Structure formats: C-alpha cells, structure tokens
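Okay, structure first, notes after.
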Amino acid sequence: MRLSRFFLPVLKETPAEAQIVSHRLMLRAGLVRQEAAGIYAWLPLGIRVLQKIEQIVREEMNRAGAIEILMPTLQPSELWKETGRYDAYGPEMLRIKDRHDREMLYGPTNEDMVTDIFRSYVRSYKSLPLNLYHIQWKFRDEVRPRFGVMRGREFLMKDAYSFDLDKEGARRSYNKMYVAYLRTFARMGLKTIPMRAETGPIGGDLSHEFIVLAETGESQVFLHQDLIDMPVPGEDVDFDSDLSPIVAERTALYAATSDVHDQARFEAEVPEAKRVTARGIEVGQVFYFGSKYSKPMKAVVTGPDGKDVPVEGGSYGIGVSRLVGAIIEASHDDAGIIWPAPVAPFDIALINLKVGDAATDAACDKLYAALTRAGRDVLYDDTNERPGAKFATMDLIGIPVQIVVGPRSLASGAVEVKTRATGAKEEISLDAALNRFAGS
RNA sequence: CGGGGCGUGGCGCAGCCUGGUAGCGCAUCUGCUUUGGGAGCAGAGGGUCGCGUGUUCGAAUCACGCCGCCCCGACCA
C-alpha cells in the first residue's frame with residue numbers, strides 16, 4: 001500500500017476526551033473514530049488490526065474443534081422471554097421495536113438464540129459434543145462507557161457455546177476452550193493468566209477470566225508468580241486428548257481478580273516471594289452454566305439409555321475489539337504503538353526519505369515490488385513529508401519493521417532497518433534487505 | 001445512576017469572572033526556500049461560540065432548561 005493513496009488520518013495532538021494510553025494512541029494513530037459514547041467507526045488501520053485478531057481467534061477456535069456460525073445482531077424478544085432474561089437483563093439491553101411494533105433487541109449475548117438453534121436440530125447424544133461459535137457485534141448499553149474500545153457499548157466479541165450430554169463432557173469442552181484461549185492470546189503477543197472468576201448461581205470451579213497483565217489495567221489481580229511465564233501449549237496440542245493436566249497445572253496456583261480475591265488464602269497458598277499483585281485487563285472468559293438455558297428452553301437430547309436429558313452448556317467469550325486496546329496497553333512506548341507482528345496492520349514500513357530522488361525512488365520501487373511479491377504487507381511512505389514527520393508517523397502507528405531508504409546510506413548501497421520494538425537500527429545492503437525480507 | 005467537569009474554525013486551547021459582535025498554536029491551500037527525527041518565510045481560506053428560551057440597547061460572556069461528551073464511584077467481554 002502506498003501511503004499517498006491510503007487513508008491514514010493521524011493526529012499530532014491528543015484529543016481531549018482520551019484518558020488512557022491505548023485510547024489516546026488509537027485516536028492519534030487513526031485506528032478509530034468515536035461516533036457516540038462507546039461507539040466507534042473503525043478506520044483503515046484499525047480494521048486491519050481487528051481482522052488480524054479475529055483471524056487468530058477463528059483459527060484457534062477451529063483448531064479446538066469449534067464450528068463457526070453467524071447469528072444476527074438483532075434478535076426477537078421471544079427467546080429471551082423463554083429464559084426469563086428479557087426481564088432479568090434490565091436497561092443494559094438495547095430494546096428496539098420494528099414497524100409492526102414487535103419487540104426486538106440488539107443482542108448483548110447469544111445463549112438464548114444458540115440454544116434455540118441447537119434444540120431445533122439436535123436430538124441425540126451421538127451428535128455431541130458440539131461447540132458453535134460466532135464473531136459478531138454486540139451491544140450493551142453500559143451506564144458509563146469508557147477507555148475507548150476497552151469499555152465500549154458496541155463491541156466485537158467471539159462467543160462460543162458448548163453442548164454436552166453430561167457434566168464430565170462439559171468439563172472436557174471447557175478444557176478445550178481453556179487451552180485454546182491460552183494459545184489464542186499467546187499468538188497475539190500477550191501474556192494472559194487464567195484467573196478464578198465468579199461462577200454465578202451454578203457454582204463450581206468452572207469459570208475463569210483470562211487477564212492480560214498491564215500497568216494500566218482496570219482491575220487489581222493477585223497471582224502466583226510462576227503463572228506468568230508458564231509455557232503455552234504448542235500447535236501440536238491434541239484437542240481430542242485429555243487436556244486436564246494442562247488446566248490442572250495452572251488452576252493449582254493461586255490467581256484471582258479483586259472480586260473473588262481471598263487474602264488469607266493467597267497468603268496461605270503462595271510463598272511471600274512468589275506473591276504478585278498487579279493490574280490486568282480481562283480479555284476473555286470461559287464459563288460453565290449447566291442446564292441454565294437448556295432446561296427452560298427444553299433443549300434435550302436422548303441419551304444412550306433412551307432417556308431425554310437437558311444438555312449441559314458452557315459459553316466462552318473473547319473481547320475481540322477490546323483486545324485491540326489491550327494489546328496497545330501492553331505494548332507501546334512514548335513514541336506510539338508497538339504492534340506484535342501477528343496483529344500488526346502492516347508487516348513492513350518502507351520509508352522513502354527523498355521522494356523525487358532518482359536513486360531512492362528506484363531502490364524503494366524495487367523493495368516495494370519484491371516485498372509485495374513475497375507476500376509481505378508493506379506500507380510504503382512515498383509522500384513528500386519531511387523525514388522527521390515520516391519517522392514520527394511510522395513510530396506512532398507501530399509497524400514492527402521499518403526499512404528506511406535515503407540518499408545518505410544509499411550512496412554506499414545501504415538501507416537502514418529499524419526494529420520498532422527495540423529501536424535498534426542497522427545498515428545493510430539493499431540486496432541483504434531484499435534477501436532478509438523478500439527471500440523465499 | 002450519585003458526584004465533578006467540559007462544549008469556541010478539522011485538532012489542541014485562550015477569551016467568559018468584570019456583556020460591546022472572536023483570538024492563538026497546529027493542520028489546510030498558494031508561492032519560494034528547505035529535505036536523515038513532527039522545517040522556514042510570505043500570503044490565503046475556514047467559526048450559526050452545542051441547542052433553546054430569557055435578561056439587556058447589545059450575549060461566546062449573565063440566568064433557566066435541554067442535549068452531547070469526559071472524569072471519579074457503583075456495574076460489565
């Protein structure tokens with residue numbers, strides 16, 4: 001992409017409404033634009049990141065055996081009346097009437113609808129386990145949206161729903177999602193820690209929030225230090241195998257957010273030197289809820305014994321749009337965003353320091369063509385800005401690698417490669433750059 | 001929803017207290033010069049001062065009402 005033909009509305013000054021760093025940087029780097037409180041338009045750079053995140057989530061869900069569907073944003077009220085949630089949900093749910101005066105709502109979540117889909121088609125335990133997920137916009141009319149996309153009213157969420165014959169099956173499904181989440185967040189360059197969470201009226205130990213540690217995080221967390229650098233299961237993890245050791249290894253160590261924190265237990269279970277008190281951002285939650293929806297909605301399957309039983313369910317959310325903010329909170333410096341490569345809007349920034357100079361133009365054209373041909377996503381700054389402005393913009397938008405081409409180093413056949421994360425710069429020959437970034 | 005604050009060219013702000021018809025920086029446009037870390041000079045364009053009502057000879061400025069947005073708290077992916 002040539003910057004001269006792209007749409008990148010960056011701001012030099014920080015808009016007054018943004019307080020936290022990710023919100024400020026998202027506005028300054030031209031990722032989003034606020035349209036109303038908690039409601040954002042995604043600009044070209046932002047949608048690229050959002051889609052990268054979405055794709056990683058999708059791949060890991062698929063790997064874990066979940067199956068993608070897409071449910072609508074607008075739902076009829078009937079399903080919610082069946083489960084009693086139409087009244088229970090309160091003003092956080094956005095209610096809408098259509099032209100026939102029918103009661104509709106903009107979905108804040110989809111348990112009711114997915115259960116309806118399930119019960120319409122599934123009759124036998126032989127069809128289980130089943131896990132259906134979708135990635136869709138949700139709306140929760142928060143009293144007080146804040147922190148940009150971290151606490152928006154409209155947000156993009158991946159929500160998966162598992163269906164099993166019994167509690168043991170539900171636990172296996174839960175473990176799959178738990179492991180998939182570890183992998184998903186790690187692939188985005190995030191360190192997340194599963195922490196005990198409120199389980200609601202169902203009780204039990206089957207609910208965890210996945211927390212990114214970040215200084216600017218909204219909630220206080222308490223954990224055993226060994227959880228922080230615990231290795232994440234690899235791509236070869238077999239989701240059909242028994243995953244409970246992976247889960248057990250983590251749940252054995254103390255980790256809780258302030259809502260469920262128990263200081264006495266924390267001190268009893270964790271040696272003083274290993275106690276970590278930090279701040280974190282919740283980016284996902286896994287939750288077992290049993291027959292909470294299947295019972296009222298009569299979502300039953302016939303078991304091997306010929307008897308009908310309500311299915312055992314769980315739901316598993318990931319805040320996709322929130323992750324954009326969370327990643328920035330976890331990865332930035334004074335100059336701007338530092339995207340982890342897997343979610344970066346572009347792979348490489350190519351900076352032409354002197355547009356119009358025959359030699360730099362030619363070198364840039366050559367690099368741009370070769371990198372693009374090699375499948376790299378390149379943002380080529382071919383504008384007439386001054387060098388300082390170009391550097392500042394590229395640092396701000398955080399593309400992992402910058403290749404700087406200017407007359408000074410090109411005189412000796414070299415270009416400069418800068419790694420955004422470390423700021424390290426090295427001069428290498430044009431050919432070496434081609435080799436490194438466009439080689440087979 | 002309780003408490004606090006803000007709304008003035010695209011962005012960041014001053015002006016408001018003490019009413020007299022709007023200013024600064026950045027950005028934008030034109031020209032010249034400049035070109036390795038957010039350039040310089042010269043010129044130009046752009047604002048129903050959130051909306052409404054009232055007070056007044058006169059309202060960005062004072063009063064009342066409404067709307068929007070932000071922050072702290074209670075609540076949430």
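What you are looking at is a predicted structure, and each value in this text was computed from that prediction instead of being measured. Note on naming: letters A, B, ... go to the chains in the order of the sequence lines (proteins, then strands), and numbering restarts at 1 for each one.
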Taking only N/O atoms, report every protein-nucleotides 31-35 of chain B pair under 3.5 Å with atom names and distance.
{"unit_1": "U34(B)", "atom_1": "O2", "unit_2": "R386(A)", "atom_2": "NH1", "d": "2.5"}

Separation of the [atom1] atoms in [N] and [M], to the nearest angstrom:
{"N": "C6(B)", "M": "G46(B)", "atom1": "P", "result": "31 Å"}
{"N": "U61(B)", "M": "G25(B)", "atom1": "C1'", "result": "23 Å"}
{"N": "A74(B)", "M": "G45(B)", "atom1": "C1'", "result": "49 Å"}
{"N": "G3(B)", "M": "G47(B)", "atom1": "C1'", "result": "34 Å"}
{"N": "A22(B)", "M": "C64(B)", "atom1": "P", "result": "27 Å"}

Looking at residues 411-433 of chain A, who's got a heavy atom less than 4.0 Å off RNA chain B?
->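 Those residues whose heavy atoms fall under 4.0 Å from RNA chain B, taken from residues 411-433 of chain A in numerical order, are E416(A), K418(A), K425(A).
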
What residues, two or more places apart in sequence or in another chain, satisfy side-chain contact (heavy atoms from CB on, under 4.5 Å) together with [X]?
{"X": "A256(A)", "result": "R196(A), Y254(A), V260(A)"}
{"X": "K354(A)", "result": "D357(A), T360(A), P407(A)"}
{"X": "A349(A)", "result": "M394(A), I399(A), Q402(A)"}

Is any side-chain N or O of K12(A) closer than 4.0 Å to OP1 or OP2 of G38(B)?
->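 No, no such contact exists.
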
Does the ring of F391(A) meet both stacking tests against the six-membered base ring of G36(B): centre distance under 5.5 Å and plane angle under 30°?
->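 Stacking between F391(A) and G36(B): absent.
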
Opposite nucleotide pairing with [N], Watson-Crick or G-U, both atom distances under 3.5 Å:
{"N": "C75(B)", "value": "none"}
{"N": "A27(B)", "value": "none"}
{"N": "U34(B)", "value": "none"}
{"N": "G68(B)", "value": "C6(B)"}
{"N": "G54(B)", "value": "C62(B)"}
{"N": "U18(B)", "value": "none"}
{"N": "U48(B)", "value": "none"}

K295(A) NZ: over 12 foreign heavy atoms closer than 6.0 Å |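 Check fails, neighbour count at 12 or below.
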
Over 12 non-hydrogen atoms of neighbours within 6.0 angstrom of CZ in R119(A) |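 More than 12 heavy atoms, drawn from other residues, nucleotides or ligands, come within 6.0 Å of this atom.
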
May I ask you to verify whether the side chain of T14(A) and the base of G12(B) hold a donor-acceptor pair under 3.5 Å?
->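 It does not, because no donor-acceptor pair links the side chain of T14(A) to the base of G12(B) below 3.5 Å.
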
Nearest-Å distance for atom pair [atom1]/[atom2], residues [X] and [N]:
{"X": "I351(A)", "N": "G37(B)", "atom1": "CD1", "atom2": "P", "result": "12 Å"}
{"X": "R28(A)", "N": "A27(B)", "atom1": "CZ", "atom2": "P", "result": "13 Å"}
{"X": "D381(A)", "N": "G37(B)", "atom1": "CG", "atom2": "C1'", "result": "13 Å"}
{"X": "E13(A)", "N": "A14(B)", "atom1": "CD", "atom2": "P", "result": "13 Å"}

What side-chain hydrogen bond (donor to acceptor under 3.5 Å, both in side chains) pairs are there with at least one residue in residues 332-341 of chain A, not counting sequence neighbours?
->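 Matches after skipping sequence neighbours: D333(A)-R420(A).
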
Quick one: which residue pairs count as a ring-ring contact (aromatic ring centres under 6.0 Å, His included) with a foot in residues 381-415 of chain A, not counting sequence neighbours?
->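 Not a single pair qualifies under ring-ring contact (aromatic ring centres under 6.0 Å, His included).
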
Are H208(A) and Q285(A) close enough that some pair of their side-chain heavy atoms sits under 4.5 Å apart?
->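 Result no, sub-4.5 Å side-chain heavy-atom pair not found.
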
Over all heavy atoms of both residues, which pair between R250(A) and P231(A) is shortest? Give the atoms and the distance, please.
->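 For R250(A) versus P231(A), the nearest heavy atoms are NH2-O, 2.7 Å.
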
How close do S258(A) and F222(A) get, heavy atom to heavy atom, and via which atoms?
->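 It is CA-CE1, 4.1 Å.
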
Restricting to nitrogen or oxygen on both sides, can you table the protein-nucleotides 4-9 of chain B pairs closer than 3.5 Å?
none

Classify every nucleotide of nucleotides 69-76 of chain B by which part a protein heavy atom approaches to under 4.0 Å, writing B for the base, S for the sugar-phosphate alone and - for neither, in 5'-to-3' order.
-> SSBBBBBB

Could you give the side-chain donor-acceptor pairs of residues 24-37 of chain A under 3.5 Å, partners two or more places apart or in another chain?
{"unit_1": "R24(A)", "atom_1": "NH1", "unit_2": "Q19(A)", "atom_2": "O", "d": "2.5"}
{"unit_1": "R28(A)", "atom_1": "NE", "unit_2": "L11(A)", "atom_2": "O", "d": "3.0"}
{"unit_1": "R33(A)", "atom_1": "NE", "unit_2": "E35(A)", "atom_2": "OE2", "d": "3.2"}
{"unit_1": "Q34(A)", "atom_1": "OE1", "unit_2": "Y40(A)", "atom_2": "OH", "d": "3.0"}

For T109(A), answer base if it contacts any base atom (sugar-phosphate contacts may also be present), sugar-phosphate if it contacts only those atoms, and nothing otherwise; contact means non-hydrogen atoms under 4.0 Å.
->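 Nothing: the residue T109(A), judged by heavy atoms under 4.0 Å, touches no strand.
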
With sequence neighbours excluded, tell me which residues meet side-chain hydrogen bond (donor to acceptor under 3.5 Å, both in side chains) with E215(A).
->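 Testing E215(A) for side-chain hydrogen bond (donor to acceptor under 3.5 Å, both in side chains), a comparison that skips the adjacent residues, returns none.
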
Contacts table for residues 321-328 of chain A: side-chain donor-acceptor under 3.5 angstrom, sequence neighbours left out:
{"unit_1": "S321(A)", "atom_1": "OG", "unit_2": "L156(A)", "atom_2": "N", "d": "2.8"}
{"unit_1": "R322(A)", "atom_1": "NE", "unit_2": "M150(A)", "atom_2": "O", "d": "2.9"}
{"unit_1": "R322(A)", "atom_1": "NH1", "unit_2": "E282(A)", "atom_2": "O", "d": "2.6"}
{"unit_1": "R322(A)", "atom_1": "NH2", "unit_2": "M150(A)", "atom_2": "O", "d": "3.1"}

